[in-house]
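Everything below concerns the one structure shown next.
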Amino acid sequence: RRHKLVGTVDGCLSSYAYTLLVIHFLQSTQPPVVPNLQVLATEPVLVWDNKWGTIDRWDTKFVEDVESLPPSRNREDIGQLLINFFKYFGHIFDWHAHAVCMRLNRPGAA
């Protein structure tokens, strides 16, 4: 806040939004730094919701035993990851056509 990088009142992204961007990026790098825990899950965990006047079904599955996951094969250092983060969201990611989504993590996914 002090450097005016976050704060939705000022038209900036919230810290939560920045967290989602970081997770999306770290899942999108090749090889990924962090795995997509929903893609790796095998059993669906369905949640039903009628909050908006229609019945919606959400699959909220994810791998809970993160200790069983193999370590990342990505060997980029933190500096290179940071540079690639800004390159990805500043020049590669198509903000007009796509949404940031950790659940599906592919272009056009929401």
Under 30°, 30 to 60°, or over 60°: which ring-plane class applies to F25 and F89, parallel, tilted or perpendicular?
tilted
As an exercise, state the distance from CG of D59 to CD of Q38, rounded to the nearest 0.5 Å.
7.0 Å
If two hydrophobic side chains count as joined below 4.5 Å and joins carry through other members, does L37 share a cluster with V47?
no
Shortest non-hydrogen pair, P32 vs S72, comes out as O-OG, 2.8 Å
How long is the straight-line distance from OG1 of T29 back to OH of Y88, given to the nearest 0.5 Å?
10.0 Å
Please say yes or no: joined through hydrophobic side-chain contacts below 4.5 Å, possibly via intermediate residues, are L82 and L13 part of one cluster?
yes
Taking a hydrophobic cluster as the set of Ile, Leu, Val, Met, Phe, Trp and Tyr residues connected by side-chain heavy atoms closer than 4.5 Å, whether directly or through intermediates, do V33 and I83 fall within one such cluster?
no
So does W52 have more than 12 non-hydrogen atoms from other groups sitting under 6.0 Å from CH2?
no
From Q80 CD over to R75 CZ, what is the distance, rounded to the nearest 0.5 angstrom?
15.0 Å
I78 atom CD1, neighbour heavy-atom count above 12 within 6.0 Å:
no
Applying a strict under-4.5 Å side-chain criterion to I, L, V, M, F, W and Y, I'd like to know whether F93 and L20 cluster together.
yes
Between D65 and S68, what is the shortest heavy-atom contact and its length?
O-OG, 2.7 Å
Which heavy atom of Q27 sits nearest to which heavy atom of M102, and what is that distance?
OE1-O, 3.4 Å
Quick check on side chain to side chain contact (heavy atoms under 4.5 Å, CB included): which of L26, V22, L69 does V34 satisfy it with?
L26
Would one find more than 12 heavy atoms of other residues, nucleotides or ligands at under 6.0 Å from atom CD1 of I55?
no
Keeping N74 on the side-chain end and P31 on the backbone end, is there a donor-acceptor pair under 3.5 Å?
yes
Same cluster for F62 and V45 if Ile/Leu/Val/Met/Phe/Trp/Tyr side chains link at under 4.5 Å?
no
